[in-house]
Amino acid sequence: MVSATSENYPASEGEEKLDSLGLRALELMQQVVQQKLKLQEHIKAGSINLAKSRYIMGQRNVSTSQLPTQDSEPFRALRKVQRSVSQENGIDTNVFSSIVNEPPKKQKSEKAGELEECDGDSRTSSDPLHWFGVLVPQNLRLAQSSFKKAVDLSVQIVNLQMQLEALRIEFCSVKLEQMKLT
Amino acid sequence: MAHLHSAAKGKLLAVIGDEDTCVGFLLGGVGEINKNRQPNFLVVDRNTSVSEIEECFKRFVKRDDIDIILINQNVAEMVRHCIDSHTQPVPAVLEIPSKDHPYDASKDSILRRAKGMFNPDEV
């Protein structure tokens, strides 16, 4: 029945596809907005804890002056992403997954450094909390945990955006085909 | 070891944003300075010019070790033409809210592009 319809009226099948793609796109758009509002909550919570840390440690002790600059020693990121390609609703989509590279323990750091040098990369990785001192207030740790959640959520939102973009491209190509038929 | 090996293969998240966004996300562990001493973040303050942001954005897009660019939505507004003209899937650009500027879905490039799907004049 379906095949007979598609042979006689190929346009209606395309229209149905457009409808389902459009509906899925709307769902994805809603999810993107919802997740970004959730991300906003994490960022807000993190910023409040940064402000509280500033109150305890002093304005200049929690600022960009603590961040590494071009003159500081090179170091590796603790959180990265890995890309793979998966099929969502028959459309190839890039999918990112976050990788956590925990900093090495202190007593092993020298040996680890030597090993890494053998790999041709002498960069080390350490907990970013140490940029702000040895004894940091609890609020800074809370801020860190909020921003870690924000990083993970960002990767999830990027995946939704990737699905949405792939869907949009598919939608446009189906729409073009439809226009040629009519 | 296998875990470390896979981590080395991963790609970076870059950050362009205000002080709190950069400090926060770097605390979260996304910051890196590579062997050429190039950071993967840019702190935007009132002294940062639009051309600096543009240059930095273009540099991040060209770097093959970056897969995701996180940018504050208010900063993205300043370089909207650059973001709209970046149509490649990778690096993906994610507009994020900041503490001073709440998220506005109507300004988001990706959502504006998706909304175009339902515009009969656009294909």
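Residue numbers begin at 1 in each chain, while the letters A, B, ... track the order of the sequences.
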Would you indicate whether the side-chain heavy atoms of [Y] and [X] approach each other to under 4.5 Å?
X      : Y      : result
B:L94  : A:V155 : no
A:E73  : B:R37  : yes
B:I68  : A:S154 : no
B:L27  : A:L50  : yes
A:F147 : B:V30  : no
A:Q66  : B:V23  : no
B:S98  : A:I43  : no

Heavy-atom pair of closest approach, residues [X] and [Y]:
X      : Y      : value
A:G22  : B:F118 : O-CZ, 3.6 Å
B:D67  : A:R83  : OD2-NE, 3.3 Å
A:P128 : B:G29  : CG-CA, 4.2 Å
A:L39  : B:P97  : CD2-CD, 4.1 Å

> Can you tell me how far CD of A:Q40 sits from NE2 of B:H101, rounded to the nearest 0.5 angstrom?
Replying inline: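 Here the interatomic distance stands at 12.0 Å.
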> Can you tell me how far OG of A:S65 sits from CD of B:E19, rounded to the nearest 0.5 angstrom?
Replying inline: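 OG of A:S65 is found 7.5 Å from CD of B:E19.
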In terms of hydrophobic clusters joined by side-chain contacts under 4.5 Å, are [X] and [Y] together?
X      : Y      : answer
A:L160 : B:Y103 : yes
A:L140 : A:I48  : no
A:F96  : B:I96  : yes
B:I16  : A:V81  : no
A:L37  : A:V32  : yes

> Top residue by heavy-atom pair count (under 4.5 Å) with chain A, among B:A92, B:A105, B:A114?
Replying inline: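 If we count pairs closer than 4.5 Å to chain A, B:A114 comes out on top.
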Verify, without hydrogens or angle tests, whether [X] (side chain) and [Y] (backbone) share a donor-acceptor contact under 3.5 angstrom.
X      : Y      : result
A:E165 : B:Q88  : no
A:R168 : B:M117 : no
A:K36  : B:E95  : yes

Between chain B and each of [options], count heavy-atom pairs under 4.5 Å; write down the option with the most.
options                      : result
A:K44, A:K148, A:Q144        : A:Q144
A:A166, A:P68, A:S146, A:A51 : A:P68
A:S72, A:S145, A:G46         : A:S72
A:Q161, A:M162, A:K149       : A:Q161

Can you tell me which portion of [X] sits under 4.5 Å from chain B's heavy atoms? Options are side chain, backbone, both or neither.
X      : value
A:T69  : backbone
A:L28  : neither
A:L129 : both
A:M29  : both
A:D152 : neither

> Which region of B:L70, side chain (C-beta onward) or backbone (N, CA, C, O), has a non-hydrogen atom less than 4.5 Å from a non-hydrogen atom of chain A, or is it both or neither?
Replying inline: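 Just its side chain gets close to chain A.
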> Is there any residue in residues 39-57 of chain B with a non-hydrogen atom under 4.5 Å from a non-hydrogen atom of chain A, and which ones are they?
Replying inline: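 At a heavy-atom separation under 4.5 Å, chain A is reached by B:P39, B:F41, B:V43.
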> Salt bridge check: are A:R54 and B:D20 linked by an N-O gap of less than 4.0 Å?
Replying inline: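 Yes, A:R54 and B:D20 are salt-bridged.
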